[in-house]
Amino acid sequence: MMPAIPPAFSKTITAAGNPIPALSQTGTLPAGVTFTDNHDGTATLAGTPATAAGGAYPITVTATNTLGSTSQTFTLKVDQPPAFTSPGTASAPIGRPLSFQITTTGYPAPRLTKLGTLPKGLTFKAGAGTITGTPAPGTAGTYLITITAKNSSATTTQTITITVS
């Protein structure tokens, strides 16, 4: 596997052979990244991945000349900082179930942590990205919970206001 790609990059791919092989690529490249055969036994993989292009991209490079062809597959990784896509508020009537999904984008997938106290009866499940349960009697009020999303690219936070009535 190739290392994670920085925001802008250029990587030369080299093949040997006589006659000089042409290089081609199959597999989906991230938006903003191109593959160019330089017609000298090398190719250039370069560009600036689009903002939302985070992910793993399996790519096969094939070298072909009049004597045959050979291929090599690798995975191009594009890191993407985490971002929240879920709302910052939730309402939870006492005695009624709440299921609040915390959603994020980013690559690698961000790990979630919570700071703050939830009302009795609600729990946070980091792996599932959920706040679920039934608020207990006597827990009416406003609760501010800070959720942190972290991956190898960055860390970001979102404050979620949970209103229990």
Side-chain angles (χ1 to χ4, degrees), residues 1-13 25-36 43-62 71-165:
M1 287 214 225
M2 290 184 68
I5 296 174
F9 79 102
S10 179
K11 175 72 176 167
T12 300
I13 299 166
Q25 168 267 321
T26 56
T28 302
L29 292 172
V33 175
T34 60
F35 179 92
T36 305
T44 304
L45 190 61
T48 301
T51 302
Y57 297 84
I59 296 169
T60 300
V61 175
T62 302
S71 297
Q72 183 168 354
T73 300
F74 62 92
T75 300
L76 181 67
K77 290 185 176 181
V78 177
D79 288 349
Q80 179 182 343
F84 286 93
T85 56
S86 51
T89 61
S91 296
I94 291 174
R96 301 200 59 198
L98 168 73
S99 181
F100 182 80
Q101 183 69 52
I102 300 161
T103 55
T104 60
T105 58
Y107 185 85
R111 186 177 47 108
L112 301 177
T113 57
K114 172 191 74 72
L115 180 63
T117 304
L118 289 167
K120 186 175 181 178
L122 295 183
T123 58
F124 170 69
K125 294 180 182 159
T130 58
I131 296 173
T132 58
T134 302
T139 60
T142 302
Y143 298 81
L144 299 177
I145 308 301
T146 300
I147 304 294
T148 299
K150 180 180 182 177
N151 67 14
S152 57
S153 295
T155 301
T156 190
T157 60
Q158 179 184 39
T159 299
I160 299 173
T161 302
I162 300 174
T163 304
V164 177
S165 56

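The first residue of the sequence shown is numbered 1, and numbering continues consecutively from there. The analysis underlying the following values was restricted to heavy atoms, covering all of them including side chains, and did not include hydrogens, waters or symmetry mates.
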Tabulate below the donor-acceptor pairs under 3.5 Å that side-chain atoms of residues 53-61 make, not counting sequence neighbours, or state none.
| from | atom 1 | to | atom 2 | distance (Å) |
| --- | --- | --- | --- | --- |
| Y57 | OH | A53 | O | 2.5 |
| T60 | OG1 | T73 | OG1 | 2.9 |

query = With a 4.5 Å heavy-atom cut-off, do F100 and I160 have their side chains touching?
reply = yes
task = Kindly check if the number of other-residue, nucleotide or ligand heavy atoms within 6.0 Å of CD (Q72) is above 12?
result = no
message = Measuring from atom OG1 of T105 to atom CG of N151, what distance do you get when rounded to the nearest 0.5 angstrom?
response = 9.5 Å
task = Provide the full list of side-chain hydrogen bond (donor to acceptor under 3.5 Å, both in side chains) pairs with a residue in residues 80-92, sequence neighbours left out, each pair given once.
result = T85-T103
Can you give me every donor-acceptor pair (side chain of residues 115-140, partner residue at least two apart or in another chain, under 3.5 Å) with its distance?
| from | atom 1 | to | atom 2 | distance (Å) |
| --- | --- | --- | --- | --- |
| T139 | OG1 | A136 | O | 2.5 |

ask   = From Q25 CD over to I13 CD1, what is the distance, rounded to the nearest 0.5 angstrom?
value = 8.5 Å
query = Which distance, rounded to the nearest 0.5 Å, do you find between the CZ of F84 and the OG1 of T148?
reply = 6.5 Å
request  = Grab the two heavy atoms, one from V78 and one from Y107, that are nearest each other, plus how far apart they are.
outcome  = O-CD2, 3.3 Å
query = Does K150 NZ have over 12 foreign heavy atoms under 6.0 Å away?
reply = no
request  = Please assess L45 against L29 for the test side chain to side chain contact (heavy atoms under 4.5 Å, CB included), listing each intermediate value before the final yes or no.
outcome  = CA-CA 10 Å; L45 190 61; L29 292 172; 3.8 Å; yes
Which atom of P110 lies closest to which atom of T104, heavy atoms considered = CG-OG1, 3.6 Å
query = Can you tell if the side chain of D79 reaches within under 4.5 Å of the side chain of P108, non-hydrogen atoms only?
reply = yes
ask   = What distance separates L112 CG from T157 OG1, expressed to the nearest 0.5 Å?
value = 12.0 Å
ask   = Do P81 and T156 come within less than 4.5 Å of each other through their side chains, counting heavy atoms only?
value = no
